[in-house]
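Please read the structure below before turning to the comments.
Throughout, protein chains are lettered first and strands after them, A, B, ... in sequence-line order, and every chain is numbered starting at 1. Note that the coordinates shown come from a computational prediction; the quantities given were computed from them, not determined experimentally.
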Amino acid sequence: MSDKKPKNVFVEGPITSEFIGNSIAKHQTKTSIGAHNIFLGQVRADDIEGKVVSAIDYTAYEDMANEKFHEIREATFDKFNLTCMHIYHSLGKVKVGEICLFVFVSSPRRKEVFKALEYVVEEIKAKAPVFGKEIFEDETHQWKENT
Amino acid sequence: MSDKKPKNVFVEGPITSEFIGNSIAKHQTKTSIGAHNIFLGQVRADDIEGKVVSAIDYTAYEDMANEKFHEIREATFDKFNLTCMHIYHSLGKVKVGEICLFVFVSSPRRKEVFKALEYVVEEIKAKAPVFGKEIFEDETHQWKENT
Amino acid sequence: MQLNIKYFGLIAELTTCNEETLEFSEATIADLKEVLVEKYPELKTKDFQIAQNKEIVSSNAIVSGEEIAILPPFSGG
Amino acid sequence: MQLNIKYFGLIAELTTCNEETLEFSEATIADLKEVLVEKYPELKTKDFQIAQNKEIVSSNAIVSGEEIAILPPFSGG
């Protein structure tokens, strides 16, 4: 279903595997769904010139980001035959190995979910004003840029 | 990692949301992973000429299917830069709303997981000798065919 | 030669068995198809493939005596 | 006119504040950029975009006085 009012996509801290499992469970009453596709962004222990990332600290221009997430959501429902769609993004500190982005799309048919999920993830990366500060093990940091 | 021996991909009955959540949790120690992509096949309450599907009963030519899953797995690791990959398929009765296929791919980078996951799912549909009997609410049945 | 043949899904329903041993004295998979259609005339109207030693084989392949399976259209996932 | 300006990420680090009010008497976003670069010379070497009323605006857009935000490259996900 497509709502008309922007929802809050942000959650404080990492997105847990239990939260994701529960979200899957909630969709088992929707018997028109034949295919789910889930994207999870996980914080990588990147080695940048000898320093290893230990966490990413996320901040966002929240009002604008929620509006952009809403626009992405509406555009995705217009383009693809989806039954439902959910986006969750972390704010604050997310350690390596923890999940910072959870995108969940469901449809009667599998072809739709593949196209829709990639579209949503690329749109989020390009349009949502979210900023990740990569914190190294020695407490120094650098600002991440999406590629 | 790519193993050399076919694993058993089949699980008896539906794949639960807890199983999926646990599988995600297990990947949080792998800190080279930046992106996960998960496909879930869910049994749809299709209406076929007035009869509604209530479950699918899956059987398989298990030895050949596990070999095919293994070949698909090896080919996928050759084609894409993946950190890990898991496939689980149900055997026996899976009711509407329950999950019968769980494919999980992980990579340092998101572009790889999108391409890899769609490839794996299409290969499974085309090459794995698995047979779904759609059971209607009135206990009659018909044999499913992938499209 | 004695052939052990496995049947699956819709085909097993039609043959009413999952596995049986047949005497086979011809050469190719096409010949085997004829033997099967003679025994189970309904097979004529059904879409099926034959696997030998767990690989789909074409009609002109030679029957080696290894594991044979008669497979209806796949519907996994 | 009084402009309320929000700073994010790398830019907020450089300005050492998340939000401030500036006096602005010019017309366009390009003019605003000049005012900002004058106040924070380090901005000159940084890549940033300006949002007005939660939409990215181009340099020739007119400053309306609505919510202004200075945004470094996005890195969500």
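When side chains are defined from C-beta on, C:L22 does not count as touching C:I68, because their heavy atoms never get closer than 4.5 Å. Side-chain contact between B:V53 and B:K144 is absent, with no heavy-atom pair separated by less than 4.5 Å. Between C:I50 and C:K33, the closest side-chain pair of non-hydrogen atoms falls below 4.5 Å. Considering only heavy atoms from C-beta on, C:Y7 comes within 4.5 Å of C:C17 through its side chain.
Only the side chain of B:Y58 comes within contact range of chain C, with at least one heavy atom under 4.5 Å from a heavy atom of that chain. Only the backbone of B:A60 comes within contact range of chain C, with heavy atoms under 4.5 Å apart. Using a 4.5 Å cut-off between heavy atoms, B:E67 contacts chain C through its side chain alone, with no backbone atom that close.
Between the C:Q52 side chain and the C:S64 main chain, a donor and an acceptor come within less than 3.5 Å of each other.
The contact list for residues 107-132 of chain B toward chain C, using heavy atoms and a distance under 4.5 Å, reads B:K125, B:A126, B:K127, B:A128, B:P129, B:V130, B:F131, B:G132 by residue number. Contacts between residues 86-104 of chain B and chain C, defined by a heavy-atom separation under 4.5 Å, are made by B:H89, B:C100, B:L101.
Among pairs with a residue in residues 10-34 of chain C, none fulfils ring pair (Phe, Tyr, Trp, His ring centres under 6.0 Å), at least two apart in sequence or across chains.
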Could you tabulate the donor-acceptor pairs under 3.5 Å formed by side-chain atoms of residues 32-41 of chain B, not counting sequence neighbours?
{"from": "B:H36", "atom 1": "ND1", "to": "B:S106", "atom 2": "OG", "distance (Å)": "2.8"}
{"from": "B:H36", "atom 1": "NE2", "to": "A:Q42", "atom 2": "OE1", "distance (Å)": "2.6"}

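The existence of a salt bridge linking C:E13 and C:K46 is excluded, since no basic side-chain nitrogen approaches an acidic carboxylate oxygen closer than 4.0 Å.
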